[in-house]
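Notes for the one structure printed next.
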Amino acid sequence: MKIEDLNTKEKNTWCPGCLNNIIERATKKALADLINKKIIKRKNVVIVTDIGCSSKVYDYFNLNGYYSLHGRALPPMLGLRIANPKLTVIGFAGDGGTYNEGVSHLIHNARYNADMSLIVSNNQVFALTTGQKTATSEKGFKGSSTPLGVKNIPLNPIKLVLSAGATFVARGCPLEFGHLTKLIEKAILHKGFSFIDVLQPCLSFHNTTSFLRNHIYKLDSQRNLSDLNQAFQKAEEWNYDYRENSKIAIGVFYEVEKPTFKDKWPQLKKPWYTVQRKINWLNIVKEFR
Ligand SMILES: Cc1ncc(C[n+]2csc(CCOP(=O)(O)OP(=O)(O)O)c2C)c(N)n1
Ligand code: SF4
């Protein structure tokens with residue numbers, strides 16, 4: 001299968017050059033590789049999206065999918081995962097949806113550890129609605145809702161998800177295509193909840209392209225990925241701000257294997273649709289007469 005086989009005929013409505021194009025392409029490459037190696041099946045892949053520029057990505061995937069509400073990609077992802085364990089569930093969302101409106105879903109899904117992947121296009125702004133601040137906008141950011149500049153320090157999503165107990169925590173950047181592709185592949189292969197915060201410059205409302213190009217560096221993938229303290233130290237190196245001495249790590253911060261959502265519930269050992277229920281209709285009718 002070629003990457004192009006995953007394309008659709010939908011008109012691309014992102015701004016010219018939007019880096020969501022690269023995230024889309026990296027995901028398609030990761031999926032095509034895994035499908036060609038027969039590790040996953042194309043018919044079992046489900047793309048779930050939030051609402052926003054990032055979430056328009058589903059229009060361009062010739063795959064099964066589900067459009068959810070703003071901030072609400074994770075609940076249907078979990079539902080799909082519970083309903084059919086054969087599925088490879090991949091979610092796409094923006095930072096506004098994930099770290100503002102739907103932040104409780106992020107925290108609890110990191111705790112539940114269902115086997116699914118969330119890819120967040122973190123452009124530090126509500127992009128589709130033209131540039132309002134989000135939880136990850138840097139202090140001082142002047143957006144359409146904050147002409148005087150943001151007064152609070154940003155939420156660090158890597159630290160948040162590590163504290164909530166996620167078992168795969170990574171950061172990527174579309175300026176590093178090959179590296180991002182590998183991260184997405186690893187996230188899909190990880191057994192449990194995998195989370196990638198993707199630093200995605202928004203060319204129209206938060207263009208950080210040249211800063212990221214000069215300040216990102218790749219984490220050593222040979223280090224001990226199950227060392228939580230070290231993961232926190234790496235996460236604390238950068239707090240989504242734009243100082244000249246910033247060092248912005250990309251790569252896997254933390255990866256461990258722990259029981260997944262399905263392993264914790266005996267009812268989920270067998271897919272629900274294979275369970276044969278013996279129903280005594282006569283007794284039911286008697287009860288409600
Ligand atoms: C519940 C709800 N609140 C607000 C909106 C309006 N809305 C649509 S897209 C959007 C911004 C999306 O920003 P983000 O999630 O960061 O994604 P991006 O567009 O940056 O990729 C907002 C506020 C909505 N559709 N639904
Ligand atoms: S507004 Fe930003 S995120 Fe949205 S399509 Fe344009 S460049 Fe991409």
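For ligands, and for the atoms within them, numbers begin at 1 and follow the listed sequence.
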Show your working on side-chain contact (heavy atoms from CB on, under 4.5 Å) between Ile248 and Arg171 and close with a plain yes or no. CA-CA 9 Å; Ile248 307 174; Arg171 189 193 280 139; 4.0 Å; yes
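- Within the 4.0 Å heavy-atom cutoff, Leu69 does not count among the residues contacting ligand 1.
- At under 3.5 Å, a nitrogen or oxygen of Ser54, whether backbone or side chain, sits near a nitrogen or oxygen of ligand 1.
- Contact of the Met116 side chain with the Asn109 side chain is registered, since non-hydrogen atoms from C-beta on lie closer than 4.5 Å.
- Screening Asn44, Val46, Leu31 against Leu63 for a side chain to side chain contact (heavy atoms under 4.5 Å, CB included) leaves a single residue, Leu31.
- Remark: Lys186 is not positioned above the aromatic ring of Phe168, lacking an NZ or CZ atom under 6.0 angstrom from the ring centre and at most 45 degrees off the axis.
- Looking at atom 2 (C) of ligand 1, its nearest protein heavy atom turns out to be Glu101 OE1, 3.5 Å.
- At the top of the distance list for atom 7 (S) of ligand 2, counting protein heavy atoms only, stands Leu203 N, 3.4 Å.
- Within the 4.5 Å cutoff, side-chain heavy atoms of Leu199 are placed close to those of Tyr240.
- By the 4.0 Å N-to-carboxylate-O rule, Arg213 lies too far from Glu176 to be salt-bridged with it.
- Using a distance-only test at 3.5 Å, with no hydrogens or angles considered, a donor-acceptor pair links the side chain of Asn123 to the main chain of Val125.
- The single protein non-hydrogen atom nearest to atom 8 (Fe) of ligand 2 is Cys18 SG, 2.4 Å, given as residue, atom name and distance.
- Under the 3.5 Å distance criterion, the side-chain polar atoms of Thr146 are left unmatched by any main-chain donor or acceptor of Lys142.
- Annotation: Thr129 places no N or O atom under 3.5 Å from an N or O atom of ligand 1; distance criterion only.
- With hydrogens left out, the protein atom closest to atom 8 (C) of ligand 1 is Ile51 CG2, 3.7 Å, a heavy atom.
- Within the 4.5 Å cutoff, side-chain heavy atoms of Lys29 are placed close to those of Phe177.
- Atom 13 (O) of ligand 1 has its closest protein heavy atom at Phe126 CD2, 3.3 Å.
- Shown in contact with Cys53 at under 4.0 Å from a heavy atom are these atoms of ligand 1, numbered in order with element: 18 (P), 19 (O), 21 (O).
- For ligand 1, the atoms sitting less than 4.0 Å from at least one non-hydrogen atom of Ala127 are 13 (O), 18 (P), 19 (O), 20 (O), numbered in the order shown with element in parentheses.
- Every atom of ligand 1 with a heavy atom of Gly96 under 4.0 Å away is listed here by number and element: 14 (P), 15 (O), 16 (O).
- Annotation: atom 2 (Fe) of ligand 2 to nearest protein heavy atom, Cys202 SG, 2.4 Å.
- An N or O contact shorter than 3.5 Å is missing between Ser55 and ligand 1 by distance.
- Atoms of ligand 1 lying under 4.0 Å from at least one heavy atom of Val125, given by number and element, are 16 (O), 20 (O).
- At least one N or O atom of His70 sits closer than 3.5 Å to an N or O atom of ligand 1.
- When only non-hydrogen protein atoms are considered, atom 4 (Fe) of ligand 2 lies nearest to Cys53 SG, 2.4 Å.
- Between Phe211 and Glu244 there is a side-chain heavy-atom pair separated by less than 4.5 Å.
- Every atom of ligand 2 is numbered from 1 in the order shown, and the set under 4.0 Å from a heavy atom of Cys15 is 1 (S), 5 (S), 6 (Fe), 7 (S).
- Side-chain atoms of Pro271 and Asn84, non-hydrogen and from C-beta on, never get closer than 4.5 Å to each other.
- Using a 4.0 Å heavy-atom cutoff, Gln200 is listed among the residues neighbouring ligand 2.
- A donor-acceptor pair under 3.5 Å links the side-chain atoms of Asp95 to the main chain of Gln124, judged by distance alone.
- The atoms of ligand 2 that sit less than 4.0 Å from any heavy atom of Phe205 are 1 (S).
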